[in-house]
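Notes follow the structure.
Nothing fancy with the numbering, it's 1 onward along the sequence. Here the structure is a predicted model, which is why all the values come from computation and not from measurement.
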Amino acid sequence: MAESILLILQKTSHSIVPFLLRESVYATVVFVVIFLLQWMLRKRSHFLHTGLWLLVFIRLVLPTDLSQPFSGRSLITQWIDSRMIQSLDGWMGEEHGDISSSNAMDKSHSIPATGWAEFDDQTILFILWMGGMVILSVLYLRRLNHFRRLIRSGVVVQQTHARDILIHWRQRFGIQRSVQLLTAPTSMSPFTSGILKPVILIPEPLLDFHHRSDLESVIAHELAHIKRLDDLWIKLQNIIQIMYFFHPIVWMAGSRLHVGRECACDSLVLSQGCIQREPYARGLLNMIKLNTLGPDCVTLIPSFSSERNKLFTRLKHMKGEHNMRGIHKIGMIGLLIGLAVFILPMAASTWQPLKPGPQLSAMVTVLAAAAAQKSAQAATETMVSQSETSTSDFKLIMPVEGGKIVSGYGMRKDPLDGRMKQHRGVDIPEKEGTSVMAAADGVVQVAEFREGYGNFIEISHKGELTTRYGQLYTILVKSRMTVKQGQQIGTVGQTGRSTGPHLHFEVRVEDEAIDPEPHLETK
């Protein structure tokens, strides 16, 4: 039982940790691009800035294998040595289907799979990540609970002028949902909470403002948050920040998004033409002054950024220093979509365009001739190798007793991503835990976890012949151990790229995969 739990922990860590690493590296590349663009367009609209920083968060939740032919990655591969890219992909645990060479396998991380499993680097990182997630989640939930307690202790505002302001701005923004205006004897800044039944809580001192425009500025700003559903977006942003708490750029991008969100609400209020910039800014400054001088300086919204530290940027925005200059909003949306399509796909693309014409025909002829030559050469080498081994030595038994092959050698549609790929072995489905036997006498070369293969064994036989056994549940042999034909070496599992328990079995001659089926003797 304990061993099974440890194995599940290892399998989970070897899936999640590479995913987080890839997403972190990809998001860093997007961050650098966005940072440079934001610096170049620093006098543009807050809408454009917010959209740019949002791309960093979008990259963090996209599939890691998202690709397209013309993307930012294609430019990077032109500037950087392709071997560096491949090394980076290997370090991050990039999956490319069935791994086809021992060199590719050597780049994978390995974990022991027998007995009481020892914690490897990825498992330790996974445990640390889970611990950080739990701590931050508890702190965040406590913070949310603090705001809920404030709302429960609040009383409905009875002042007529405050209620009139609320009704007026609800109509201006076209908010159909019921909005409750509460007050509490606290010096903290006002905040909104809730999506379907939003609540605005303002401290009692704000109701005593001498100028009606001061209170109007605060209520209109909070209603702008409700109009934009910011409470929902803040919570989603916080979830991503908790998930990637270890990455500094997530916190930096989150802080920029917070500023953009506040500037967007300021713009939404001022665009109605009901309040001028100067009285609106004065009302927000008076609110900040009240909050600063009060005994309880708690930040505004349950998020990870402080509004007070960003006040200077908001004031510059309200003065018009960061307004749009010649770029229409629709144009900015098109720019953001185009940029997203270009920089967000980060996986390597295997797509190659085919254009009809004489050049394509000539290319096809050349490729066909080269393929035929290579095939003939490979066949000759295989015949020579097999003759050196002797036919009597090249007899293999079915590695799973009574097993049947359901997915053979050759091109097939990958069951996980639907792409046509070369299957370099055969798949034999069986119940998890079914015995796996050595197909011939030999020496174990590899017995460990390999990305793509899962728990994996490679056995060398006479005459450059090797057999491979993947997707195993357990490994019962060790490297450099001599095994006999029919000896149990492991059990059937689904520890690699798999849709169910099965044995992935390969036969190789001089490290070139061949079809195992003609060489298997079945009882």
Side-chain angles (χ1 to χ4, degrees), residues 23-62 72 136 140 143 189 191-192 221-222 224-225 227-270 281 284 288 299-325 327 329 331-333 335-340 342-344 346:
E23 290 287 14
S24 299
V25 172
Y26 293 163
T28 301
V29 175
V30 175
F31 175 84
V32 172
V33 175
I34 298 305
F35 185 84
L36 294 175
L37 287 175
Q38 186 263 347
W39 179 80
M40 295 169 58
L41 304 172
R42 56 189 179 277
K43 297 296 183 180
R44 297 293 180 181
S45 166
H46 68 87
F47 178 86
L48 181 60
H49 284 214
T50 303
L52 290 174
W53 291 114
L54 186 61
L55 294 181
V56 177
F57 279 81
I58 293 175
R59 175 57 263 180
L60 290 168
V61 297
L62 289 176
L136 285 179
Y140 179 61
R143 184 166 185 164
S189 296
F191 66 91
T192 65
H221 182 85
E222 299 306 321
H225 279 298
K227 170 70 174 178
R228 290 166 36 86
L229 301 176
D230 281 339
D231 190 55
L232 172 63
W233 304 124
I234 288 172
K235 286 182 170 61
L236 292 176
Q237 176 183 330
N238 287 338
I239 290 173
I240 297 175
Q241 286 184 251
I242 290 174
M243 183 176 178
Y244 291 93
F245 69 90
F246 56 87
H247 207 327
I249 71 161
V250 178
W251 299 94
M252 294 178 63
S255 178
R256 302 299 178 92
L257 271 181
H258 178 73
V259 178
R261 187 182 300 114
E262 297 301 319
C263 290
C265 290
D266 295 336
S267 293
L268 185 57
V269 173
L270 295 174
L284 295 182
I288 294 294
T299 50
L300 173 60
I301 298 174
S303 65
F304 291 94
S305 299
S306 172
E307 182 191 21
R308 192 159 50 246
N309 294 336
K310 314 304 179 184
L311 180 60
F312 182 68
T313 302
R314 292 178 60 190
L315 290 176
K316 291 182 67 176
H317 167 73
M318 282 184 276
K319 288 172 61 179
E321 296 183 21
H322 289 176
N323 286 348
M324 288 183 292
R325 295 181 182 177
I327 299 183
K329 199 169 186 178
M332 287 192 294
I333 293 176
L335 175 63
L336 290 172
I337 293 175
L339 186 62
F342 182 71
I343 68 172
L344 293 185
M346 283 290 175

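Ring geometry, H221 versus H225: the interplanar angle exceeds 60°, so the pair is classed perpendicular (tilted spans 30 to 60°).
Minimum heavy-atom separation, A27 to L60: CB-CD2, 3.4 Å. Taking all atoms of both residues into account, the shortest heavy-atom contact from N238 to Y140 is ND2-OH, 3.0 Å. The minimum heavy-atom distance linking R228 with A264 is given by the pair NH1-CB, 3.4 Å. The nearest pair of heavy atoms linking V61 to E23 is C-OE2, 4.4 Å. T192 approaches D231 most closely through the heavy-atom pair O-OD1, 4.1 Å.
To the nearest 0.5 Å, the span separating CD on Q237 from CD1 on I242 amounts to 11.0 Å. Summarising the geometry, atom OG1 belonging to T50 is positioned 10.5 Å from atom CD belonging to E262; distances are rounded to the nearest 0.5 Å. Atoms CD1 and CG, from I240 and L236 in turn, are 7.0 Å apart once rounded to the nearest 0.5 Å.
For I58, the side-chain contact (heavy atoms from CB on, under 4.5 Å) partners are L54, L55, L62, L344, not counting sequence neighbours. With sequence neighbours left out, F35 forms a side-chain contact (heavy atoms from CB on, under 4.5 Å) with F31, W53, R256. With sequence neighbours left out, S24 forms a side-chain hydrogen bond (donor to acceptor under 3.5 Å, both in side chains) with no residue at all. Taking A224 as the reference, F173, C265, L268, V269 meet the side-chain contact (heavy atoms from CB on, under 4.5 Å) condition, with sequence neighbours excluded.
Of the residues listed (V29, I34, L37), the one engaging I343 in a side-chain contact (heavy atoms from CB on, under 4.5 Å) is I34, and it is the only one.
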Inset, instruction - Could you give me the CA-CA distance, side-chain angles and deciding distance for V56 and M252, then say whether side-chain contact (heavy atoms from CB on, under 4.5 Å) is met? - result: CA-CA 10 Å; V56 177; M252 294 178 63; over 6 Å; no
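No donor-acceptor pair under 3.5 Å is formed between the side chain of W251 and the backbone N or O of Q241.
When side chains are defined from C-beta on, V30 does not count as touching I249, because their heavy atoms never get closer than 4.5 Å.
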